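All values derive from a computational prediction rather than experimental measurement. We name chains A, B, ... by the order of the sequence lines, and we start the count at 1 in each one.
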Number of protein chains: 2
Amino acid sequence: MKKVTMLDVANHAGVSKSTVSQYLNKRYDYMAVETKSKIEEAIDELQYQPNIIARSLKVKSTKTIGVIVANILHEFSTQIIRAIEDVCHELGFHIIVCNADENPVKEEKYINMLYAKQVDGIIIFPTGENIDLYKQLQSSKFPIVFMDRLVPEINIASILLDNENASAVAVEEFITNGYSRIGIVTTSAFKNVTPRLERISGYKKAMQKYDLSMVSDYIRSVESDSIQLELKKMLSLPEPPQAILAGNDLALIEILKFVKKAKLSIPGDISVIGIDDVSFADLYNPPLTTIKQPTFEMGKMAAELLLNKIDGADNVLPKNIYRFRPKLIRRSSC
Amino acid sequence: MKKVTMLDVANHAGVSKSTVSQYLNKRYDYMAVETKSKIEEAIDELQYQPNIIARSLKVKSTKTIGVIVANILHEFSTQIIRAIEDVCHELGFHIIVCNADENPVKEEKYINMLYAKQVDGIIIFPTGENIDLYKQLQSSKFPIVFMDRLVPEINIASILLDNENASAVAVEEFITNGYSRIGIVTTSAFKNVTPRLERISGYKKAMQKYDLSMVSDYIRSVESDSIQLELKKMLSLPEPPQAILAGNDLALIEILKFVKKAKLSIPGDISVIGIDDVSFADLYNPPLTTIKQPTFEMGKMAAELLLNKIDGADNVLPKNIYRFRPKLIRRSSC
DNA sequence: CTGAAAGCGCTTACAG
DNA sequence: CTGAAAGCGCTTACAG
């Protein structure tokens, strides 16, 4: 697979490689039309494709960014990637996608590899565990944007949902529909993942605001595989909740499984709202009321912020956290 | 963001950069322990990260492959990417993900960019339209693997589902459950996308095999947004089908929407099987019988094949099409 | 208007 | 056991 190089083109066209390079970089200012067409021809005949690696080495920019997602199997990640890819494609950037699997060791490895590969910047859904590494990158002015999660120890631009508002909107919707005994179930928060923490605190604040009694038995943040058990306990209480807020898609799925097993009806026996507008929300029986994250806008914003930084607009703004408003999608589960 | 280079390390350690390079490439054969530790220290102190771009230029391998999916929003694509990423990660490869959006122009652009970026190989869900380009790559021995779709004009290793078998399995399941008037609905096949074509032909063959009458009104392959209309027509026939095979996830969703709107019951009024084990199959009421593609194995195989080719095991096997068996997942919609 | 030369940060045969 | 030199395929100031 011998590749044709700029030198081959130059020889073929009878000019120097400097001139070919000028041509490729569209500096036609002083170029004779004739030279131009000779080069054009040579490129065509030889099917020349420039070696971007060599170019990158010289110009110190790879036009590539890295995206490290926590888990690529989540629809949320995919939609974000899609949005990022869209804006990058516009601007001639490529993205290298990495899947950290919620694993700090993998995350570290990926960050280092991306750095070594000279990507121009990175968008990370941070595990939050590699603080020293984040700091090191930041202090060397390497462009980074965080997505979905905050790392309180460090002031890096971060895009996330207004999670507290998401919970508040859900609680209000429940109240509007006449429920007062409201619970929340989410996957484990022991890892300090921002969305989970904030969704719980948002729920608590909203309950307080509306003077509803906060029953600690109505609040559960546990591993996915314990949710069934916790739901069982919760709904066997002398006074069980009338409504449950699902903190994310996984929690919602567990709730739906439970409801089915227990042959409960929604919203008759229990009312449900889920954060994350899951793909089956519309199809479900009954259609599920959800709170949708503006994933597309979020991904777009992340890409734009990062590309700005790469362009040197290194505006270390005081306000570095970008919150996006969730949107209530009323269907029939509440 | 001045980066530290190998020369910095060499100076700091008081050796030449050749020696540092030897160290990095783990050629310790003749290296004095003392030299070794001096270099180690220097790397540590300077926080040196080698520039892989420079290395790539020299060794002519980027340890990066490109993956061009047809549409990253499909769960199928995501799962394939995940599987590819898993095997690549093992072997120190990175993947650049591109989203061709079923658009040949975008596909061409991406292929050229990836090539220019010196990726070591590409896995493509081909649109099938850029035949000349595929041929050109193949003739220059550039490693490629096709996924999900065949391009008959060209003999490139291709991974795909045994689509005819998928339809056959579905038809047989319908028959076992006592249905004989069986239809199939899939999204438009005008683009000659392999899975759609083969799923229809598989359906036809199976119907023939079991001596069931083939009613052309029961077979529809149209754009997503016309499916509602076609279903309405189909189910208003004097003798409507008792069972419908959904050719893919999109078709399935349309069928479910229709069923809901028309207040039909599954499987009472109409029995349904979907190809693609959609995420909500289990949750739906009733749980949906589906045919699952072994996405993980398929992605793994694609990656392994490609990496083999990259390694030079350029086995142009006569048999170049790898078919994977689908799996029936019996639930309650049939 | 075009070309020679230096250099980007590595690797690798080869000399000593 | 280690270093000097050439070279990977580009770009870019500068000379002419």
Distance check needed: C:dG3 P versus A:N11 CG, whole Å only. 11 Å

Within a strict 4.5 Å, meaning less than it, do heavy atoms of the A:F76 and A:M298 side chains meet? yes

Pair pattern of DNA chain D in dot-bracket, where unpaired bases get dots and | marks partners in another strand, Watson-Crick or G-U under 3.5 angstrom: |||.||||||||.|||

Assign each of B:Q49 and A:T35 the nucleotide of DNA chain C bearing its closest heavy atom; nearer the 5' end lies the nucleotide of A:T35

Lys NZ or Arg CZ of A:K38 over A:Y23 ring: under 6.0 Å, within 45°: no

Nearest whole angstrom, please: distance from the C1' of D:dC10 to the OH of A:Y23. 17 Å

Any heavy-atom pair between the side chains of A:F146 and A:I154 that's under 4.5 Å? yes

Decide whether B:K117 and B:T64 meet the rule of one side-chain donor and one side-chain acceptor closer than 3.5 Å. no

Kindly indicate whether the side chain of A:N51, heavy atoms from C-beta on, has any atom under 4.5 Å from the side chain of B:L57. yes

Kindly write out the residues that satisfy side chain to side chain donor-acceptor pair (under 3.5 Å) with A:E297, not counting sequence neighbours, or none if the list is empty. none

So, do A:L160 and A:R323 sit near enough that their side-chain heavy atoms are less than 4.5 Å apart? yes

Between the protein and nucleotides 7-9 of chain C, list the N/O to N/O atom pairs that are separated by less than 3.5 angstrom.
residue	atom	partner	partner atom	Å
C:dG7	N2	A:K58	NZ	3.3
C:dG7	N3	A:K58	NZ	3.0
C:dC8	O3'	A:K60	NZ	3.1
C:dG9	OP1	A:K60	NZ	2.7
C:dG9	N2	B:A54	O	3.3

Check whether any side-chain nitrogen or oxygen of A:T19 sits under 4.0 Å from OP1 or OP2 of C:dG3, and answer yes or no. yes

Short heteroatom pairs, N/O only, protein and nucleotides 13-16 of chain C, under 3.5 Å:
none

Taking distance alone, no hydrogens or angles, what donor-acceptor pairs closer than 3.5 Å link side-chain atoms of residues 122-137 of chain A to residues at least two apart or in another chain?
residue	atom	partner	partner atom	Å
A:T127	OG1	A:E107	OE1	2.5
A:T127	OG1	A:E129	N	3.2
A:N130	ND2	A:P104	O	2.9
A:N130	ND2	A:E107	OE1	2.8
A:Y134	OH	A:E107	OE1	2.9
A:Y134	OH	A:E107	OE2	3.2
A:Y134	OH	A:G128	N	3.0
A:Q136	NE2	B:Q47	OE1	3.2

Whole-Å distance separating the CG atom of B:L7 from the C1' atom of C:dC10: 11 Å

Answer whether the closest heavy-atom distance between the side chains of A:N25 and A:R55 falls below 4.5 Å. yes

Distance in angstrom units between A:I39 CD1 and D:dC10 P, rounded: 13 Å

Listed by chain and number, what are the ring pair (Phe, Tyr, Trp, His ring centres under 6.0 Å) partners of B:Y110, not counting sequence neighbours? A:H89, A:H94

How about A:T19 and A:S16: does a side-chain donor come under 3.5 Å of a side-chain acceptor? yes

